[in-house]
Amino acid sequence: MPKTADISLPDPSRWKALVFIALAQLMVVLDATIVNIALPHAQHDLGISEANKQWVITAYALAFGGLLLFGGRIADLWGRKRAFVVGLLGFAGASALGGAATGEAMLLGSRALQGAFGALLAPAALSLLAVMFTDAKERAKAFGIYGAIAGGGGAVGLILGGVLTEYLNWRWTFFVNIPFAIVAAAGAYFVIREPAGGRNRSTLDIPGVVLSTLGLVSLVYGFTRAESDGWSDTTTVGLFVASALLLAAFVLTEAKVKSPLLPLRVLTERNRGGVYLSLGLAIIAMFGLFLFLTYYLQIVRGYSPVKTGFAFLPMIAGMITGSTQIGARLMTRVAPRLLMGPGFLVAGVGMLMLTQLDVGSSYAGLILPAQLLLGLGMGTAFMPAMSLATHGVRPEDAGVASAMVNTSQQVGGAIGTALLNTIAASATTAYITSHAAGATNKQLLQAQAMVHGYSSAIWWAVGILATASAIALTLINTGRPGAGSVTAASGDGVEDEIKVPVVAH
């Protein structure tokens with residue numbers, strides 16, 4: 001006879017809460033890409049030097065990636081609802097500062113603040129979902145929506161950034177966050193009721209905070225430097241060495257302190273570890289592709305910012321379909337690895353199609369179907385990955401477990417942009433060197449070399465997605481949600497056996 005336990009009735013306002021949580025997540029994810037298209041205009045208006053323009057992107061990535069674990073533990077300590085609302089209001093304030101920037105320092109400072117408040121907001125959002133949705137079928141639907149937003153938000157940012165930059169002003173790529181944040185914060189304040197008993201009131205692990213923040217910042221900045229200064233640059237190598245030493249010291253510290261920032265039990269459970277690793281690898285491939293397709297469409301094909309943004313719509317449609325119509329429907333019927341592994345492989349097939357890019361490739365014949373496959377595969381895989389991020393965690397660890405999945409995404413994005421861009425640049429240079437002698441049209445040669453560089457890097461992305469699939473199939477061994485049953489009273493007072501994942505609730 002299966003072991004049973006009584007659980008309280010689900011929060012009646014959970015679906016309303018999902019709307020505001022999803023809105024906040026969309027804001028954070030799209031902000032990682034919305035500024036990219038607006039960057040040349042902001043650089044011109046504020047007189048930002050060519051050498052410093054990367055810091056508009058890097059300041060956000062460093063603060064967000066470096067402070068995520070700290071933000072996740074603060075959410076466990078304060079309560080997730082409070083951390084969520086504070087994160088939203090802080091993000092709105094930082095966005096107002098960025099939109100009103102009068103110089104380089106003010107803009108860079110606002111981007112760092114956005115990243116810091118995003119690091120508080122993102123893990124609070126995911127852990128709220130983990131503790132509010134406990135029924136397996138409802139949880140699948142909720143995480144289907146969340147997974148689609150987490151995966152497709154970056155592409156939405158490209159569209160919105162293009163529209164706002166072309167028809168309004170680059171400053172609106174910042175100002176647009178303010179209504180998002182205010183609506184989500186107000187809704188969360190009045191609607192979300194966080195389940196009791198999930199806070200972690202232990203003392204804050206200050207050495208862990210310092211070591212993890214410095215280690216992650218060094219890692220993210222190391223990849224950023226590698227992209228601009230090369231992998232053999234002394235500072236780049238120094239940053240990677242420092243990151244390895246700091247993160248090793250962090251792991252040793254967490255194994256010894258009484259109240260660790262990141263309890264090692266969160267990482268060593270094989271299913272969660274498999275999610276963090278496979279998702280991070282998939283994001284490496286995804287972010288590299290966003291970069292290459294944006295360059296290809298704008299520089300090689302001459303698309304406007306708005307047209308470039310809308311060219312990503314098939315990927316978004318594929319992600320929404322994969323997450324809500326495939327992943328969410330099958331999540332309660334099959335084991336998560338049977339969604340994640342094949343999902344990453346389908347995405348890899350879409351990526352494989354894009355290795356055939358040339359200067360005159362048909363959008364409808366090649367890019368559109370490739371994006372659909374990529375979106376379908378990623379959407380199908382992302383949804384169970386987001387749900388498994390908090391698989392089996394104790395209630396007091398939900399925030400930091402949620403922070404880990406965001407950390408794997410953020411670090412994966414930084415690695416993907418730097419690693420694949422470096423590969424593409426090397427292949428482009430080699431192509432020009434080998435074809436320069438017989439070239440009659442230098443402009444055509446440059447375009448062909450760029451596309452060759454993109455194709456070379458995309459081959460690496462195909463291999464990375466295949467590796468992500470293999471890791472998901474090998475490490476993730478949990479059964480379908482509901483392998484263990486619990487008994488709960490239904491609304492009509494009759495006890496029903498429902499199947500729920502082992503999560504904090």
Side-chain angles (χ1 to χ4, degrees), residues 11-35 60 64 68 71 75 79-96 98-99 113-133 138-139 141-161 163-164 172-194 309 313 316-317 319-320 323-324 328 379 382-383 386-387 389 399 402-403 405-406 409:
D11 186 339
S13 62
R14 62 197 179 282
W15 290 108
K16 293 178 184 176
L18 175 62
V19 172
F20 302 114
I21 292 170
L23 186 65
Q25 175 65 12
L26 177 62
M27 181 187 71
V28 170
V29 174
L30 67 81
D31 210 75
T33 55
I34 193 172
V35 177
Y60 180 85
F64 192 85
L68 267 167
R80 290 153 201 113
K81 175 178 174 176
R82 183 184 298 176
F84 185 70
V85 172
V86 170
L88 280 165
L89 294 177
F91 202 95
S95 298
L113 273 176
Q114 280 184 317
F117 283 109
L120 179 62
L121 168 60
L126 184 56
S127 56
L128 277 171
L129 280 192
V131 297
M132 291 181 78
F133 288 88
E138 289 192 349
R139 184 179 172 87
K141 289 177 186 175
F143 277 93
I145 294 166
Y146 189 90
I149 290 169
V156 174
L158 294 171
I159 295 173
L160 196 55
V163 171
L164 292 172
W172 283 94
T173 60
F174 288 89
F175 290 144
V176 73
N177 291 325
I178 298 171
F180 273 96
I182 290 173
V183 169
Y189 183 79
F190 290 109
V191 170
I192 291 176
R193 288 193 295 276
E194 185 179 351
L313 273 177
I316 299 172
M319 282 185 177
I320 292 171
S323 193
T324 61
F382 270 33
M383 197 279 301
M386 291 296 170
S387 181
S402 301
V405 76
N406 282 285
Q409 286 181 286

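Just so you know, residue 1 is the first one in the sequence shown, and it goes up from there.
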* Hey, does F382 have a side-chain heavy atom less than 4.5 Å from the side chain of M319? -> no
Donor-acceptor list for residues 180-187 side chains, cut-off 3.5 Å, not counting sequence neighbours:
none

* Can you see which heavy atom on L68 is nearest to which on A122, and at what distance? => CD2-CB, 4.5 Å
* Asked: Which heavy atom of F20 sits nearest a heavy atom of V191, and at what distance?
  -> CE1-CG2, 3.9 Å
* Just jot down the ring-ring contact (aromatic ring centres under 6.0 Å, His included) partners of F64, sequence neighbours excluded, or say none. => Y60
* Structure fact -> Closest non-hydrogen contact found for L88 with M27 is CD2-CE, 3.8 Å
* Given side chains that start at C-beta, do those of F175 and L164 come closer than 4.5 Å, heavy atoms only? -> no
* For Y189 and V85, which heavy atoms make the closest approach, and how far apart are they? -> N-CG2, 4.3 Å
* Asked: What distance separates L26 CG from I21 CD1, expressed to the nearest 0.5 Å?
  -> 14.0 Å
* Grab the two heavy atoms, one from G118 and one from F91, that are nearest each other, plus how far apart they are. => N-CD1, 3.9 Å
* Structure fact -> Hits for side-chain contact (heavy atoms from CB on, under 4.5 Å) against A83, two or more places apart or cross-chain, chain-then-number order -> A75, W78, L120, A124
